[in-house]
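For the numbers below, each heavy atom of this structure counts, side chains included, while hydrogens, waters and symmetry mates do not. Quick note: residue numbers are just sequence positions, from 1. Remember, it's a predicted structure, so these values are computed and weren't measured experimentally.
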Amino acid sequence: MLPDHVIIPGLPEKRTRLGGFDLPWSKRSLKKPASKTLVIAHWKGAEAPVTAVKELETALSSMTGREVGVRDDPGVAPREIVVSSDGSEVDRGGGGEMLAGDAFRVERAGAHSIRIRAGSDRGLIHAAADLVTRLGARLAPGVAPFYPRIDAAAIGRIEPYAVVPSFARRAFVSDIMTWNYNFADRLELHLGHDREFIPWMARRGINAFSYIRHAHDTRLRIDEIAGMLREHGIGAEYGGHVLQLLLPRERFESDPAMFPADEDGNRLASGNLCVSNRAALEIVRDGAIRYVADYPENELLHIWGADVRRGAWCRCGGCRELAPQHQYMAVVNAVAESLAAGAHPRQVAYLAYHDTIDPYPGLHPLGNVWVEWAPRERCYSHAIDDSDCETNPRYFESLKRYLEIFDGRCHVFEYYADAILFGGLAFATPEVIARDIRAYHAIGIGSISCLTFGAFSLLAYPVNIETFVRCARDAGADPQAAGNSVASGRHPACSAAMGDAYRAIADASAMVLDYADVMHPRMEPGKARRKRGDLERAARMFHRAIDAAGAVLRSRGEPLARGEHQLWRYSARVLEGIAEYLGAKECAGRDRAERGEAAIAKIAEAIEHVRAIDLEIKGTWGAYDLEWIREAWLAALRRGLEANTQQHQEMP
């Protein structure tokens with residue numbers, strides 16, 4: 001008897017080649033499919049839809065238990081695939097209205113056949129995955145595809161439908177340093193995640209991936225996955241916080257006038273540059289243009305300033321009267337002007353973030369400059385357009401003003417899976433994400449991205465990642481369905497219990513995320529007293545999730561459930577510690593110091609739960625990056641206990 005579902009962790013070993021790509025079907029099936037063989041027919045040409053065909057072949061073979069034959073067919077149009085459930089002849093009446101971008105349509109091609117058409121090659125990949133989900137497949141984040149057994153005739157019974165993505169650009173973003181590429185074993189650990197995550201991104205309609213480079217990075221991209229991104233139709237974007245790299249710091253000794261000055265006029269080797277210095281501006285411009293010339297696959301150039309609050313821009317006599325927004329715009333416009341006039345025209349991103357999050361009067365971006373709006377310090381307990389929130393109205397207003405200045409050219413950069421912002425704690429905010437994305441779509445935003453931290457984000461924020469990919473394709477998607485899908489896809493044998501656990505985490509998240517940087521609880525005393533009670537209640541909510549996962553572990557012992565159980569224990573313990581820390585700061589003298597140190601010790605000891613998680617599940621960030629970042633968090637908490645430190649003082 002066949003099982004009622006099949007999980008496919010990889011591809012069959014038997015392969016042939018098509019268009020230079022390994023494919024899991026036999027040569028015999030390409031020639032003359034046997035009876036009861038499903039047939040996938042595609043356009044005959046150099047740009048055959050190899051990845052989309054492979055995805056369909058793997059899924060349909062697993063779901064139906066049948067052999068799948070694949071053939072090129074001159075009667076099938078480009079960017080079209082025909083699937084026959086019984087190998088019969090199909091209607092050759094393809095065509096119809098033109099589709100643009102990643103839009104796709106699934107329609108009848110005969111009594112037992114369907115036709116998939118798309119506006120782009122990667123649209124066929126998205127369509128293939130969407131089709132198999134409608135046939136019952138589950139493509140949850142962080143686990144292998146879940147393929148149920150179906151009757152092959154169900155393929156021909158699919159009702160026609162079309163999908164036009166709500167956002168033209170749907171991207172994930174990662175800091176390139178999180179690959180730990182200077183250590184071979186750590187890099188390989190991350191690459192193992194990439195080999196699963198990149199196909200998953202393509203299946204879920206993600207069409208861009210952006211690397212964030214920092215001043216200490218020696219790479220602009222991860223070469224090892226460049227081909228995989230390309231094969232899956234995912235555009236690559238490079239850049240990040242690179243102004244400090246584009247003006248090499250070793251020039252400081254010979255020409256300090258190129259570098260920013262502080263309030264007293266002292267030139268600094270840190271920070272960005274002196275935009276009043278024409279030579280400095282030209283060096284930065286030329287270096288940015290080389291990024292594009294050397295990496296022609298780069299679809300969007302991100303030229304960002306130093307990743308700090310205040311102090312990175314110049315205060316010399318020539319720059320003092322220029323706001324950070326104007327200094328930054330001078331740099332971006334210089335790069336954009338040269339790119340527009342040269343051989344490699346590209347969009348250039350102006351990052352609205354920290355010092356530049358609010359627009360300043362008199363900004364005049366060139367036509368190929370897009371604002372990249374990144375509201376990191378917003379509230380994630382409320383939606384961005386929630387007028388009752390004490391924080392978000394200011395941010396939403398800044399976005400709308402930027403939209404006017406840039407004539408609608410805007411990328412939104414969100415933090416729904418930011419392990420640093422969230423302190424490595426597990427959170428779920430599906431309702432907030434869904435409402436955010438509806439609000440962004442309603443005001444005309446057509447591009448959205450989400451920061452991730454490799455495998456750790458899939459462990460800690462699977463509901464958020466699932467909600468993001470659903471809503472980025474369909475701004476009206478149901479966030480509750482996203483949560484249910486995560487539970488059933490990641491834990492098919494115990495989805496009800498784990499669904500309850502994810503909902504408990506969502507309830508806890510709403511109580512916590514109204515201040516930026518969970519591990520930096522800087523707030524005025526009145527809010528600190530209120531927040532202490534919120535954190536205590538949130539910790540109790542986490543214990544609901546811990547109990548649910550514990551019951552699953554006792555009955556099944558799933559490695560993934562074990563990892564989530566440990567992470568949720570870490571999260572509860574840290575929240576308890578932060579609540580006690582805020583309580584200590586209400587005291588004075590020795591009592592303040594002793595209670596504060598005890599709270600910090602509780603937070604520090606919680607890391608043992610993360611250390612107990614399997615390496616492959618927590619990834620490089622959970623295994624290595626969290627270890628050094630937490631030391632900075634703990635040091636900042638200790639400084640916050642100093643008697644002359646105000647409770648609302650900003651911590652680094």
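Between Arg169 and Ser447, the shortest heavy-atom distance links the atoms NH1-OG, 2.9 Å. Between Arg170 and Gly205, the closest heavy-atom pair is NE-O, 2.7 Å. Residue Pro462 comes nearest to Val486 through the heavy atom pair O-CG2, 3.7 Å, listed as atom of the first residue, atom of the second, then distance. Shown here for Thr178 and His190, the closest heavy-atom pair between the two residues is O-CD2, 3.4 Å. Minimum heavy-atom separation, Thr218 to Tyr181: N-OH, 2.9 Å. Gly423 and Val518 make their closest contact through N-CB, 4.4 Å (heavy atoms, listed as atom of the first residue, atom of the second, distance).
Residues Gln325 and Tyr350 bring no donor and acceptor atom of their side chains to less than 3.5 Å of each other. In the model, Tyr402 has no side-chain atom that pairs as donor or acceptor with a side-chain atom of Glu397 under 3.5 Å. Between the side chains of Asp185 and Asn180, no donor N or O sits under 3.5 Å from an acceptor N or O. Neither side chain, Glu372 nor His411, offers a donor N or O lying under 3.5 Å from an acceptor on the other. A donor and an acceptor atom, one from each side chain of Asp102 and Asn207, are located under 3.5 Å apart. Residues Tyr291 and Arg346 bring no donor and acceptor atom of their side chains to less than 3.5 Å of each other.
Under the ring-ring contact (aromatic ring centres under 6.0 Å, His included) criterion, His491 pairs with no residue at all, not counting sequence neighbours. Residues passing the ring-ring contact (aromatic ring centres under 6.0 Å, His included) test with Tyr415, sequence neighbours excluded: Phe413. Evaluation of the salt bridge (charged side-chain N to carboxylate O under 4.0 Å, His left out) rule for Asp478 yields no partner, not counting sequence neighbours. For His441, the ring-ring contact (aromatic ring centres under 6.0 Å, His included) test picks out Phe167, with sequence neighbours left out. By the ring-ring contact (aromatic ring centres under 6.0 Å, His included) test, Tyr211 is found to be paired with Trp179, Phe209, Tyr238, residues two or more places apart in sequence or in another chain being considered.
Taking a cutoff of 4.0 Å between a charged side-chain nitrogen and a carboxylate oxygen, Asp385 and Arg438 do not qualify as a salt bridge. A salt bridge is defined here as a Lys NZ or Arg NE, NH1 or NH2 lying under 4.0 Å from an Asp or Glu carboxylate O, and Arg221 with Glu237 fails to meet this definition. Checked for salt-bridge contact, Glu404 and Arg401 miss the test: no charged N lies under 4.0 Å from a carboxylate O.
Between Leu615 and Tyr624, the closest side-chain pair of non-hydrogen atoms falls below 4.5 Å. Looking only at side-chain heavy atoms (C-beta outward), Trp373 and Thr356 stay at 4.5 Å or farther from each other. Looking only at side-chain heavy atoms (C-beta outward), Leu403 and Ile445 come within less than 4.5 Å of each other. Thr620 is not listed as a side-chain neighbour of Phe453, based on a closest heavy-atom distance of 4.5 Å or more. Contact of the Val348 side chain with the Asn333 side chain is not registered, since no non-hydrogen atoms from C-beta on lie closer than 4.5 Å. Considering only heavy atoms from C-beta on, Leu366 stays 4.5 Å or farther from Val332 through its side chain. Contact annotation: the side chain of Glu55 approaches that of Arg203 to within less than 4.5 Å [non-hydrogen atoms, C-beta and beyond]. Considering only heavy atoms from C-beta on, Arg122 stays 4.5 Å or farther from His232 through its side chain.
Sorted by first and then second residue, the salt bridge (Lys or Arg N to Asp or Glu O under 4.0 Å) pairs with a member in residues 457-469 read Arg204-Glu466, Glu466-Arg470; sequence neighbours excluded.
At distances below 3.5 Å, not a single donor-acceptor pair connects side-chain atoms of Thr467 with backbone N or O atoms of Ile433. The backbone N or O of Met511 lies less than 3.5 Å from a partner atom in the side chain of Lys531, making a donor-acceptor pair. A donor-acceptor pair under 3.5 Å is formed between the side chain of Ser381 and the backbone N or O of Ala510. The closest donor-acceptor contact from the side chain of Ser398 to the backbone of Asp358 lies at 3.5 Å or more, if one exists at all. The backbone N or O of Met519 lies less than 3.5 Å from no partner atom in the side chain of Asp517, so there is not a single donor-acceptor pair. Using a distance-only test at 3.5 Å, with no hydrogens or angles considered, no donor-acceptor pair links the side chain of Thr452 to the main chain of Ser457. Under a 3.5 Å cut-off, the side chain of Ser120 and the backbone N or O of Gly123 do form a donor-acceptor pair. In terms of modelled atom types and a separation under 3.5 Å, the side chain of Trp200 and the main chain of Leu139 share a donor-acceptor contact. Counting only distance, with no hydrogens or angles, the side chain of Arg138 and the backbone of Ser488 share a donor-acceptor pair below 3.5 Å. At least one donor-acceptor pair under 3.5 Å links the side chain of Ser166 to the backbone N or O of Arg473.
No cation-pi contact links Arg394 to Phe396, judged by a cut-off of 6.0 Å to the six-membered ring centre and 45° from its axis.
For the pairing with Tyr461, the ring pair (Phe, Tyr, Trp, His ring centres under 6.0 Å) check across Phe172, Tyr380, Tyr416, Phe422 returns one residue only, Phe422. For the salt bridge (Lys or Arg N to Asp or Glu O under 4.0 Å) criterion with Arg195, the lone passing option out of Glu224, Glu616, Glu188 is Glu188.
The aromatic rings of His241 and Tyr353 sit tilted relative to each other, their planes meeting at an angle between 30° and 60°. Between Tyr360 and His326, the ring planes are perpendicular. Angles over 60° get that label, and only those under 30° would be called parallel. Under the 30°/60° scheme for interplanar angles, the aromatic rings of Trp621 and Phe456 are found to be tilted.
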side-chain contact (heavy atoms from CB on, under 4.5 Å) assessment of Trp304 paired with Ile212: CA-CA 9 Å; Trp304 305 346; Ile212 300 175; 3.8 Å; yes
Test log, rule side-chain contact (heavy atoms from CB on, under 4.5 Å), inputs Glu297 and Leu229: CA-CA 11 Å; Glu297 75 276 15; Leu229 289 170; over 6 Å; no
Verdict with reasoning, Val308 to His354, per side-chain contact (heavy atoms from CB on, under 4.5 Å): CA-CA 7 Å; Val308 297; His354 287 344; over 6 Å; no
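Rounded to the nearest 0.5 Å, atoms CD (Glu631) and CD1 (Ile607) are 9.0 Å apart. Atoms CG and CD1, from Leu458 and Ile465 in turn, are 4.5 Å apart once rounded to the nearest 0.5 Å. Remark: Cys471 SG to Arg435 CZ distance equals 13.5 Å, nearest 0.5 Å. Asp436 CG to Glu431 CD: the interatomic distance, rounded to the nearest 0.5 Å, is 11.5 Å. For the atom pair CG of Asp121 and CD of Glu231, the computed distance is 13.0 Å after rounding to the nearest 0.5 Å. Note that CG of Leu634 and CD1 of Ile600 are 7.0 Å apart. Values are rounded to the nearest 0.5 Å.
Aromatic ring centres of Trp370 and Phe406 lie farther apart than the 6.0 Å criterion allows.
In the displayed structure, Gln480 atom CD is contacted under 6.0 Å by at most 12 heavy atoms of other residues, nucleotides or ligands.
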